[in-house]
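So the structure is just underneath, and the comments pick up after that.
Just so we're on the same page: letters track the sequence lines, and every chain starts at 1. Just so we're clear, the structure is a prediction, and the values are computed from it rather than from any experiment. Below, all heavy atoms of this structure are taken into account, side chains as well, without hydrogens, waters or symmetry copies.
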Protein chains: 2
Amino acid sequence: MVSFTEENYLKIIYKLSAETDSEISTNAVAELTQTKAASVTDMLRKLSEKQLVSYQKYQGVRLTEKGEEVALKVIRKHRLWEVFLVNKLGFNWDEVHEIAEELEHINSEELVQRLDDFLDCPQFDPHGDPIPDKNGKMPEFGYKNLSGIAINQQVVMMGVAQHSTNFLQYLAKIGLNLGVNITVLEINDFDKSMTINNGGNSNCFISHEVAKNILVKNVK
Amino acid sequence: MVSFTEENYLKIIYKLSAETDSEISTNAVAELTQTKAASVTDMLRKLSEKQLVSYQKYQGVRLTEKGEEVALKVIRKHRLWEVFLVNKLGFNWDEVHEIAEELEHINSEELVQRLDDFLDCPQFDPHGDPIPDKNGKMPEFGYKNLSGIAINQQVVMMGVAQHSTNFLQYLAKIGLNLGVNITVLEINDFDKSMTINNGGNSNCFISHEVAKNILVKNVK
DNA sequence: ATATTTTTTTAGATTAGTCTAAAATTTATT
DNA sequence: AATAAATTTTAGACTAATCTAAAAAAATAT
Ligand SMILES: [Mn+2]
Ligand SMILES: [Mn+2]
Ligand SMILES: [Mn+2]
Ligand SMILES: [Mn+2]
């Protein structure tokens, strides 16, 4: 049995692992779980005993295969519920993350399968994130961060790497939604901020922090 | 803030209150929460401090108005989710209770409202139980227990007073579903068991225990 | 009206998850 | 290589929810 809390730790370690090849630090986990490092250490020991992570003290943590499986199941549920909330209940994409944080812990394989069918087996959630299939396979797709795109290269916005209501509402305000055509017009050397065109006839200025959280693909 | 566990206690006290006018006993709560009487006593003291129940030691417990409000919200969510699971995801009515026990604790007024709309504001759940509206009002309907119906009085099955998979599958096996026409053919004095006709051309024999858990209304 | 039985409460422990403060270890800097 | 700084772990404590065993109160039976 994996508890609600343990599931959250696993999900967060999974997310951090996607960004680095090396071990995940206690502090990194503490930041995302919104707990103190001391609490994380306790939990890592427990997860390690359950063989869900491999962990040696002071050496950081990694998911085991079993741990990754659990994490992917939680992520699958999170994203399927987000699709449900947006496509079926009419929520806006900036309102669903918090609710999905609760729904993702509902335990029923049958429920997930039926929900998946009901939603026509979506490949992506409302934020453009890929949804793992029932075997934990993530659909492949080579999205890049807008922050790494060169000047004058035309791209299409396909996703976001951050789900907070704040961030998503900011994007809406400056006219950035999934599917929008983006062209980088100018990059400021000193802080990597950008001026971009969002397909319409208005340009906008975004910080590097924002650009890093926008996922795009090239236009062929 | 009302915790998951506190919500369950309130829901159970609500259910017990529907069956009696008097105070609810510690043991009665312990039985339904599947805990020991000592644990119930602790919880009652806590709920009392939060003004969700009125409780004096050795005198049993009652919901306050505030406590009833919380209980009704949880019951509303439970029943709406059951409708969703059956009507939208195609679950059988005997498979949904346990899943709804988890879903009922998801916290979002907005979610409940949208779910209600999505389901076209149903008045009854798949077991025939009335769904409280957003103000906590239960739709009125004068269903009676089959156990109190006289011989030869024709009635229609409208609900069940028990949601366990076991019980519901047993009903299916003997041909009893919502909407079926029932006529009591014989009542055995010594144990109140009955022979009934279920509208088709087969009769069946049911115990008093079963009859008490079947809700019916008269045919005009 | 006592005695017995049943119910309920208290006392004391346990587990999961968290915290603060102090100690240990690792990493970075001189 | 020694020292300073940052990170991580340990020690000890707290809260929520639960338990068992014993004590207290209420209900029932004689
Ligand atoms: Mn999300
Ligand atoms: Mn998402
Ligand atoms: Mn139910
Ligand atoms: Mn029901």
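Within residues 22-32 of chain A, no residue places a heavy atom under 4.0 Å from DNA chain C. Within a heavy-atom distance below 4.0 Å of DNA chain C, no residue of residues 7-17 of chain B is found.
In this structure, B:K50 atom NZ and D:dT15 atom C1' are separated by 12 Å, rounded to whole Å. Distance B:F4 CZ to C:dA16 C1': 15 Å, rounded to the nearest Å. Taking atom CE of B:M43 as the reference point, atom C1' of C:dT10 lies 17 Å away to the nearest angstrom. Taking atom CG of residue A:D42 and atom P of nucleotide C:dT20, one finds them 13 Å apart after rounding to whole Å. Look at CG on A:L44: it is 15 Å from C1' on C:dA16, rounded to the nearest Å.
Note that CD of A:E6 is 3.5 Å distant from NZ of A:K50, once rounded to the nearest 0.5 Å.
Contact annotation for B:S39: base contact, defined as any heavy-atom pair under 4.0 Å involving a base atom. Residue B:Y55 is in sugar-phosphate contact alone, with no base atom involved, counting any heavy-atom pair closer than 4.0 Å across all strands shown. Backbone-only engagement by A:T5 is indicated by non-hydrogen atom pairs under 4.0 Å involving sugar-phosphate atoms exclusively. Contact annotation for B:T35: backbone-only contact, meaning every heavy-atom pair under 4.0 Å involves sugar-phosphate atoms and none involves a base.
Proximity of B:R45 to the phosphate of C:dT9: no side-chain N or O atom is located under 4.0 Å from OP1 or OP2. Taking 4.0 angstrom as the limit, B:K36 places none of its side-chain polar atoms (N or O) nearer than this to OP1 or OP2 of D:dT18.
Annotation: side-chain hydrogen bond (donor to acceptor under 3.5 Å, both in side chains) contacts of B:E110 (sequence neighbours excluded): B:R114. In this structure, the salt bridge (charged side-chain N to carboxylate O under 4.0 Å, His left out) partners of A:E209, at least two apart in sequence or on a different chain, are A:K212. Residues forming a side chain to side chain contact (heavy atoms under 4.5 Å, CB included) with B:Q51 (at least two apart in sequence, or on another chain): B:K66. Taking B:D116 as the reference, B:R76 meet the salt bridge (charged side-chain N to carboxylate O under 4.0 Å, His left out) condition, with sequence neighbours excluded. For B:K11, the salt bridge (charged side-chain N to carboxylate O under 4.0 Å, His left out) partners are B:E101, B:E104, not counting sequence neighbours.
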What are the atom names and distances for every N/O pair under 3.5 Å that joins the protein to nucleotides 24-26 of chain C?
{"unit_1": "C:dT25", "atom_1": "O4'", "unit_2": "A:Y58", "atom_2": "OH", "d": "3.4"}

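Under the side chain to side chain donor-acceptor pair (under 3.5 Å) criterion, the residue pairs touching residues 14-26 of chain B are B:E23-B:R62, with sequence neighbours excluded. Listed by first then second residue, pairs satisfying side chain to side chain donor-acceptor pair (under 3.5 Å) with a partner in residues 125-148 of chain A read A:E82-A:H127, A:D129-A:H163, A:K144-A:N218, not counting sequence neighbours. Pairs passing the ring pair (Phe, Tyr, Trp, His ring centres under 6.0 Å) check and including a residue from residues 101-120 of chain B, sequence neighbours excluded, read B:F4-B:H105. Among residue pairs with one or both ends in residues 53-79 of chain A, those qualifying as ring pair (Phe, Tyr, Trp, His ring centres under 6.0 Å) are A:H78-A:H97; sequence neighbours excluded.
Remark: the backbone N or O of B:F205 is not paired with any side-chain donor or acceptor of B:T195 at under 3.5 angstrom.
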